[in-house]
Amino acid sequence: MKIIIMGMNHKTAPVEVREHFSITDELLGQKLTTLLSNPFIKEAAILATCNRVEYILSVDHIHRATRWAKKILAEDISIDPDTLERSLYIYFDKEAVRHLFRVSSSLDSMIIGEPQILGQVKDAYRKSSQYKACGNILNKLFHQAFRVAKKVRTDTEIAKNAVSVSYAAVELAKRIFDILEEKCLMLIGAGEMIELALRHFKQHGVRKIYITNRTYSRAIELSQMYNAQPIPFEKFQKMLLKSDIILSCTASQNYILEYDDIKNAMKLRKNKTMFLIDIAVPRDIDPKVNNIDNVYLYDIDDLQDVVDRNIEIRMSEMEKAEAIIEREVNQFFSWLNILNITPTIKALQQKAENIRMIELDKTLSKLKNINEKEKRSIDLMTKAIVKKLLHDPISELKRESSHEYTVNIHEATKKLFGLNKDDDSEVGRS
Amino acid sequence: MYSFFFYLILLFYISTTCIYFFYLIKMNYILLKLGKKLLIVSFILHTFVIISRLFEVGYFPITSQHESISFLAWSILFIYIVLDRKSKHNHLGIIISPLLMILMSIASVLLKDITHIPPILKSQWLLVHGIFSFLAEGIFTIAFATSVFYLFQERSLKMKKRITLFQRGSPSLEALDEFIFLCIRLGFPLMTAGIITGSIWANTAWNSYWSWDPKETWSLITWIIYAALLHQRINMGWRGKKAAWMAVVGFISVLFTFFGVNLVLPSLHSYSSLSLR
């Protein structure tokens with residue numbers, strides 16, 4: 001039993017190529033069925049996202065299965081074969097399993113550690129199960145992939161720390177304020193960035209939100225959507241007193257909030273901490289404001305720095321994640337080896353047992369005058385001989401030193417003991 | 001026997017400090033938990049040692065420099081454990097344990113013999129005055145440790161620096177600030193009570209409530225610093241950085257009252273003599 005992963009992702013193929021391979025649910029079902037119609041392909045799953053398309057296969061014969069899968073992949077798609085060849089990657093066995101674990105753990109994503117990919121892998125597995133294209137090997141493989149992904153998320157910092165500007169702002173707010181639920185957020189502007197940040201802050205519990213905008217109607221519109229309170233632009237200065245977090249993103253050419261505005265507001269607030277986020281270019285808030293005690297001002301570059309550093313942290317956690325994955329890959333293969341080897345071991349034991357029974361019968365029928373006790377002894381002796389003789393080959397088979405090594409021993413055992421005749425169809429889909 | 005246990009606690013504080021030190025290098029959370037557990041064990045041991053000393057001496061054992069430093073360390077640890085939940089802070093031990101280690105090391109080189117105080121001073125006031133004052137000092141120490149974290153975090157947020165080892169898992173600025181305030185609010189009345197009971201005791205012993213002994217003067221200075229901090233905080237909104245610095249200044253004053261006065265200025269307080277072993 002071999003595992004193949006064949007596909008392309010954002011690294012190997014540009015979007016012009018990838019877009020050809022996007023598939024609907026219905027088409028996916030069809031493809032799975034056609035894939036499985038090939039006798040060498042035992043199990044299959046298709047992972048298709050906007051960044052990648054991958055066929056995950058459990059096969060008997062690598063070359064024939066690959067040829068077939070490639071044909072199915074490019075079916076009905078008008079693409080230059082050279083381009084296809086350049087975009088495609090094909091992984092076998094360990095490489096393939098490692099690849100799937102890396103993809104699920106979001107190490108292969110465009111933004112490392114992004115959380116969506118695991119859901120997409122789960123989805124691919126679910127669909128494949130729906131079409132009954134998954135057997136015990138892919139079942140095991142996928143479940144282990146989910147577990148690995150979870151482990152990587154919890155044991156490393158690969159998915160911690162914000163990698164978007166608006167989320168970085170929320171994380172900073174959490175380092176400044178204890179309970180965001182009790183804090184007041186004021187948004188100046190009503191553009192896309194404002195809306196995005198608004199959603200992030202709302203997700204993290206901020207309830208009291210003011211929105212102000214030069215075009216008041218837009219502020220009202222946005223307020224209605226997010227259950228916030230619109231403030232007329234002329235009056236927003238008064239709300240500084242109440243606002244703990246202020247996020248500004250307007251098209252204004254000069255500062256909207258001057259040093260003195262904040263200085264005065266702080267006096268009225270009895271120095272209660274303020275967190276100001278200025279993501280406008282040109283800036284909306286006088287940078288000198290950051291010098292006021294208990295006021296923290298971050299502009300777009302500061303936030304971008306935070307994001308860059310967080311990406312660095314994620315990159316530096318890669319090594320840890322790879323180590324986790326490596327361990328899991330080995331674990332999967334020792335399971336697979338045992339699975340592959342079990343029929344051989346069984347056949348070997350069966351063969352030995354058959355020989356023993358036949359020979360034992362022969363011998364016992366020749367020996368006329370022996371009692372039950374002596375019969376038992378002979379029986380036990382033959383059992384012991386068989387057991388001791390088979391002990392070394394079996395434990396050698398079970399030993400999972402290196403994958404290749406085991407396979408050689410495996411094949412050799414089959415040859416040596418003549419076990420190849422009738423067990424070709426033993427391992428199959430279940 | 002006393003010496004053996006005393007050195008055992010010192011050993012515990014030294015190992016806790018080492019564990020926290022390795023935690024800062026390795027960032028392994030198991031070490032952090034281990035440090036905390038060790039502190040709790042040390043506390044139990046320390047309590048045992050103080051009680052045994054109490055029975056040996058026959059009165060509250062804070063009458064020699066050695067005993068009072070040891071009791072100060074115990075008080076700090078006691079407050080740390082009591083307020084642990086409230087602080088929401090896993091890292092306070094990083095500052096507390098080296099402090100305890102230093103205090104106990106100082107205590108270890110001081111005369112450990114039982115010094116008998118004049119009978120005139122033997123009274124219940126010793127216990128009351130002692131407990132109030134030491135607990136206040138313990139609380140102010142915790143406030144100081146939290147302030148150090150506050151100032152680090154405040155600076156890194158202002159300067160937009162990356163999160164350092166020191167700050168990982170640290171609560172928000174607001175939580176730290178609230179906790180410092182809580183400590184001062186708890187410590188201040190205790191200290192006030194300590195000063196009042198002390199002066200009553202002075203009156204029963206020396207027939208004078210207040211004699212401008214350096215210890216008394218410096219206690220008053222410390223008291224004024226914390227009073228100012230509380231006042232400014234409540235009425236003028238002195239929070240954040242300023243309050244944290246005030247808590248640091250207050251702690252330095254506490255330390256000076258405790259050690260400095262004895263070293264530099266002659267005092268009536270019997271344990272002022274820094275008699276070495």
Side-chain angles (χ1 to χ4, degrees), chain A residues 154-157 160-162 168-183 204 241 244-245 265-278 287 289-313 316-317 320, chain B residues 26-30 85-91 146-147 149-183 228-248:
Chain A
T154 51
D155 290 6
T156 72
E157 292 199 14
K160 291 196 187 89
N161 307 315
V170 175
E171 277 193 349
L172 281 167
K174 280 186 168 172
R175 285 183 62 203
I176 295 172
F177 299 111
D178 198 27
I179 303 164
L180 285 186
E181 278 86 346
E182 292 167 0
K183 300 299 159 203
H204 287 84
L241 176 59
D244 304 300
I245 306 165
M266 282 306 277
K267 259 184 209 149
L268 293 171
R269 288 169 59 84
K270 280 196 164 181
N271 272 322
K272 257 167 56 195
T273 306
M274 263 180 138
F275 178 33
L276 308 177
I277 307 143
D278 181 2
V289 164
N290 195 40
N291 299 333
I292 303 171
D293 259 2
N294 294 326
V295 175
Y296 303 90
L297 168 66
Y298 277 71
D299 64 29
I300 184 77
D301 281 2
D302 299 331
L303 290 173
Q304 195 55 54
D305 280 350
V306 172
V307 166
D308 290 346
R309 284 196 301 248
N310 289 348
I311 290 172
E312 253 174 60
I313 292 177
S316 68
E317 286 293 291
K320 247 196 229 167
Chain B
K26 296 254 175 190
M27 283 316 291
N28 187 338
Y29 284 92
I30 295 166
R85 275 277 171 78
K86 270 263 186 301
S87 73
K88 296 181 186 170
H89 204 312
N90 289 328
H91 289 185
T146 315
S147 299
F149 280 102
Y150 183 94
L151 291 169
F152 266 99
Q153 181 146 328
E154 199 271 348
R155 202 179 141 75
S156 102
L157 276 164
K158 261 287 199 240
M159 312 299 263
K160 290 141 192 180
K161 283 193 194 142
R162 66 175 64 218
I163 299 179
T164 58
L165 297 173
F166 215 46
Q167 297 162 13
R168 270 198 232 178
S170 168
S172 62
L173 279 182
E174 193 185 23
L176 291 172
D177 184 49
E178 286 296 327
F179 184 67
I180 297 169
F181 186 41
L182 174 79
C183 288
L229 171 53
L230 267 184
H231 174 267
Q232 294 297 88
R233 165 88 190 205
I234 294 164
N235 295 309
M236 311 293 283
W238 261 39
R239 55 179 78 234
K241 202 163 114 185
K242 273 186 195 155
W245 274 116
M246 274 295 262
V248 172

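Naming convention: chains lettered A, B, ... in sequence-line order (proteins, then strands); numbering from 1 in each chain. This one's a predicted model, so the numbers in the text were calculated from it and none came from an experiment.
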- Task: Look only at the side chain of B:K160 and the backbone of A:L297, and say whether a donor-acceptor pair between them is shorter than 3.5 Å.
- Result: yes
- Message: Donor-acceptor check, side chain of A:Y298 to backbone of B:L157, threshold 3.5 angstrom: yes or no?
- Response: yes
- For A:E182, side chain to side chain contact (heavy atoms under 4.5 Å, CB included) partners two or more places apart: A:I179
- Who passes side chain to side chain contact (heavy atoms under 4.5 Å, CB included) against A:L268, sequence neighbours left out? A:L241
- Query: Under a 4.5 Å heavy-atom cutoff, which of A:V306, A:I176, A:N161 has the most pairs with chain B?
  - Reply: A:I176
- For the student: nearest non-hydrogen atoms of B:S156 and A:R175, plus distance: OG-NH2, 3.2 Å
- Message: Using a 4.5 angstrom heavy-atom cutoff, name the option from A:N290, A:N310, A:I313, A:D305 with the most pairs to chain B.
- Response: A:N290
- Query: Between B:E174 and A:T273, does a side-chain contact (heavy atoms from CB on, under 4.5 Å) hold up when you go through it step by step?
  - Reply: CA-CA 8 Å; B:E174 193 185 23; A:T273 306; over 6 Å; no
- Note on the structure: So, the part of A:L180 with a heavy atom under 4.5 Å from chain B: the answer is neither
- Query: Side chain, backbone, both or neither: which part of A:D302 has a heavy atom under 4.5 Å from chain B?
  - Reply: side chain
- Highest number of heavy-atom pairs under 4.5 Å with chain B among A:N291, A:L172, A:N294 belongs to A:N294
- Task: Calculate, to the nearest 0.5 Å, the distance between atoms CG and NZ belonging to A:D293 and B:K241 respectively.
- Result: 5.0 Å
- Message: Please classify the contact of A:K267 with chain B as side chain, backbone, both or neither, using a heavy-atom distance under 4.5 Å.
- Response: neither
- chain A heavy atoms under 4.5 Å from B:D177: which part of the residue, side chain, backbone, both or neither? neither
- B:K158 side chain vs A:V295 backbone, donor-acceptor pair below 3.5 Å: yes
